[in-house]
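The structure appears right after this line, and notes come after that.
Everything numeric in this text was worked out from a predicted model, so none of it was measured. Note on naming: letters A, B, ... go to the chains in the order of the sequence lines (proteins, then strands), and numbering restarts at 1 for each one.
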Protein chains: 2
Amino acid sequence: MANIKDIAKLAGVSKSTVSRVVSNNGFVKEETRAKIMKVMENLNYRPNMFAKGMRTNRSFSIGILFPDLKNPFFTEWYSIVDTISRERGYLNYICVTDPKGESEEMRIDDLLARSIDGIIIFSYRKDDAFIEKLRKINKLTPILCCDSMFLDSGLSCICADGEKGTYNATQKLIESGNRNIAYIKGKDEFSVVDNRFEGYLKCLADSSLKINDAHIISANFTRGCGYKAAEELMEHSNPPDAIMAATDLMAMGVLDYLNKKNYHIPDDVAVFGYDNLVAAKNTSPPLSTIALPFNEIAEKSINTLIKLIEEDKTDIVVEMFDCELKMRNTTK
Amino acid sequence: MANIKDIAKLAGVSKSTVSRVVSNNGFVKEETRAKIMKVMENLNYRPNMFAKGMRTNRSFSIGILFPDLKNPFFTEWYSIVDTISRERGYLNYICVTDPKGESEEMRIDDLLARSIDGIIIFSYRKDDAFIEKLRKINKLTPILCCDSMFLDSGLSCICADGEKGTYNATQKLIESGNRNIAYIKGKDEFSVVDNRFEGYLKCLADSSLKINDAHIISANFTRGCGYKAAEELMEHSNPPDAIMAATDLMAMGVLDYLNKKNYHIPDDVAVFGYDNLVAAKNTSPPLSTIALPFNEIAEKSINTLIKLIEEDKTDIVVEMFDCELKMRNTTK
DNA sequence: TTGTACGCGTTATCAC
DNA sequence: GTGATAACGCGTACAA
């Protein structure tokens, strides 16, 4: 691949002049610039990132940690993020972390060893030692968290207000006459969406409805788990008249069960999901759910990280986005 | 951060000796080695990847190009690939390419500028100029293609035998008495799965069934497109008694339509998908489909690329995996 | 407005 | 076994 010296020779100038054109700083005569640009075009010149990085200590690489790529949320989110990073000259390392075990910290070390410019992290973990490590790293390499569980950790964080969203959804169910509202939450060790559950609890309390422990189930985020949770709920001596799930995927499992058992939705049982997956429009019946402002969150995440990288490395940015209720046919 | 010179000074040796210890090649007296190791430990020394890369032209990074992350196939595939690359000391850049436009070539240039060690590519494109460019790059930087469309392009390729898989599925439908088998293929400009279509054509020909042009629809890989295609097929004066789709996602759209119009599946119309998505088990009724050997393909892809990188850079490896029919309830 | 010269942290090639 | 030294491609004072 052509280097800056080749360009200089062909354009009949010195490499410093080429460098000035490439990095767009310093004065270059318009004519010279045009000529150099043309040669670069012809040779399809790209600056060597190693050499550049050695001088500037910047890699224009970002590390992104996902705990689980199978969740459609991440891919949706990443499609947007990748577009923006490319536009701004960055490329992303994608690391899939294992929620069990130490792989998160190891992946972070791998990334750091490659002198990445910043890190975006979706995580299951939140123990103090881990947070402390992140905070330390953040002093040199900006970290952006995308889980509400990091809200008060002294780290930058862009996420959706799952508590408020769930609160509003619960309220909607209550307004429609539901009084026995069950909730399928995530397993305790994966506390990513715990704040959603908080919204449910808070709304019941505010509405003076009693919280029935038998109506709260922990499941593992899969459709199958949603199915089983619904089974457990509906076979209970006092079955609920509405089921909320912390994710659409689990809500779809609930629908699978209810449909199979010929329950009438929403009259026998109402169902509320969370995420507004594309697939949620096509369930039978179409799923009422809580929509995150996907695009805004994705755009804000990457733009914020790049801002932190390029401007104020040690700033802490925290922003929460409101969710929106999508009332479809699983609610009255 | 400490560099090799600091270590050398503190250990009272030259940086060449430190380098020999770090990269573990060349002879160093055990005593000297121990002393150097200790100093490195104390200063928490990490080699600078920029300088190292500049010298060796190796980044231990791999670039992966996906045309569309929303297809669950990719995420499934990548989860496996990422695990293996980490084990072998690599990290992956993930680029989402835009099927329309030149973004593929630009992303490849971006990757090359970062001196990635190898490229894995899933692509929509296959024009001669593009292939030629890839072939040229492949002389220096190993490229592995994961689409059957690259089979005869002189590039390394690991993929599933979509032609044979579709041939077998078509045969199965014919054996069950279906005679009017429609096929929903991809748009012509996105020829990724054309070989699947070939299998359909070949089987019809081998079975002396007439190919009805009105029963062949090009659609755009979404669920909605599958729906519309089914609508077009079923409203035709001579509707089919079976519909095959090039992907499960489109087949699911077909089911959406047929269910809505209260067709009886599979008696009125049989349906066959392709991909064996996790979701295909949960459609109503559960979708008969063609399963790719996911894990094997994923493992083989990354291991092959790393082999090409580390051993025989210019070798060409081609391997095709057989598919397996999953007969569920959308077929007789 | 442009060119010269040097250094960034490594590894590789010598010579000792 | 070890050390000096030359690259690798780029950015940037400083000189012209």
Side-chain angles (χ1 to χ4, degrees), chain A residues 1-40 43-61 89 112-117 140 310, chain B residues 1-40 43-61 89 109-117 140-141 310:
Chain A
M1 215 166 192
N3 63 29
I4 204 168
K5 215 165 140 190
D6 301 329
I7 306 295
K9 193 181 288 176
L10 272 157
V13 296
S14 77
K15 53 194 186 112
S16 28
T17 307
V18 178
S19 176
R20 282 187 200 97
V21 171
V22 171
S23 39
N24 211 2
N25 82 31
F27 299 90
V28 181
K29 202 203 294 175
E30 201 40 64
E31 199 186 319
T32 322
R33 175 189 305 275
K35 190 200 270 172
I36 292 172
M37 295 277 263
K38 185 153 185 203
V39 176
M40 292 198 300
L43 271 72
N44 193 23
Y45 168 75
R46 309 268 154 164
N48 178 308
M49 298 304 261
F50 287 139
K52 190 175 169 147
M54 200 149 107
R55 299 287 297 151
T56 60
N57 224 8
R58 299 260 280 108
S59 62
F60 288 90
S61 295
L112 257 23
R114 282 171 164 77
S115 304
I116 39 120
D117 293 339
L140 291 170
E310 297 182 352
Chain B
M1 213 164 190
N3 63 29
I4 205 168
K5 213 166 142 189
D6 301 329
I7 307 295
K9 193 181 289 176
L10 272 158
V13 295
S14 77
K15 50 194 185 120
S16 336
T17 306
V18 178
S19 176
R20 277 191 274 267
V21 171
V22 172
S23 41
N24 209 3
N25 82 32
F27 299 89
V28 181
K29 202 202 294 177
E30 200 40 63
E31 198 186 320
T32 323
R33 176 190 304 276
K35 188 199 273 173
I36 292 173
M37 296 275 264
K38 185 154 184 205
V39 177
M40 292 198 300
L43 271 71
N44 192 26
Y45 168 75
R46 310 271 146 166
N48 179 313
M49 297 301 262
F50 291 134
K52 188 177 172 137
M54 193 152 122
R55 207 53 198 112
T56 59
N57 230 0
R58 297 263 279 111
S59 61
F60 288 91
S61 297
D109 290 337
D110 288 345
L111 288 166
L112 258 23
R114 282 171 165 77
S115 307
I116 38 120
D117 294 338
L140 291 170
T141 306
E310 297 182 352

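- Proximity of residues 16-31 of chain B to DNA chain D (heavy atom under 4.0 angstrom from any strand atom) is restricted to B:S16, B:T17, B:R20, B:F27, B:V28, B:K29.
- Annotation for A:R46 and B:A113: closest pair CB-CB, 3.5 Å, computed over non-hydrogen atoms.
- Residues meeting the side-chain hydrogen bond (donor to acceptor under 3.5 Å, both in side chains) test with B:R55, sequence neighbours left out: none.
- Between B:I4 atom CD1 and D:dA7 atom P the separation is 19 Å, expressed in whole Å.
- A heavy-atom distance below 4.0 Å to DNA chain D is reached by these residues of residues 45-55 of chain B, ordered by number: B:M54, B:R55.
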Name the atoms and distances for all side-chain donor-acceptor pairs under 3.5 Å in residues 1-20 of chain A, with sequence neighbours left out.
residue : atom : partner : partner atom : Å
A:N3    : OD1  : A:K5    : N            : 2.9
A:N3    : OD1  : A:D6    : N            : 3.0
A:D6    : OD2  : A:N3    : N            : 3.0
A:S14   : OG   : A:S16   : N            : 3.4
A:S14   : OG   : A:S16   : OG           : 2.9
A:S14   : OG   : A:T17   : OG1          : 3.4

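- B:R114 contributes a side-chain N or O that, together with a main-chain N or O of A:F60, makes up a donor-acceptor pair within less than 3.5 Å.
- In 5' to 3' order, the nucleotides of DNA chain C bounding all contacts with chain B (an atom under 4.0 Å from a heavy atom) are C:dG9 to C:dA12.
- What separates NZ of B:K9 from C1' of D:dG3 is a distance of 16 Å, to the nearest Å.
- Computed from coordinates, the A:R58 CZ to D:dG9 P distance equals 22 Å when rounded to whole Å.
- The line from OG of B:S61 to CE of A:M49 is 11.5 Å long, rounded to the nearest 0.5 Å.
- Taking B:T141 as the reference, nothing meets the side-chain hydrogen bond (donor to acceptor under 3.5 Å, both in side chains) condition, with sequence neighbours excluded.
- Contact between B:V22 and B:P47 at its shortest, heavy atoms only, is CG1-CG, 4.2 Å.
- Atom CZ of A:R33 sits in a crowded spot, with more than 12 heavy atoms from other residues, nucleotides or ligands closer than 6.0 Å.
- Rounded to the nearest 0.5 angstrom, A:K35 NZ and A:K38 NZ are separated by 11.0 Å.
- The two residues A:F50 and B:S115 come nearest to each other via the heavy atoms CE1-CB, 3.2 Å.
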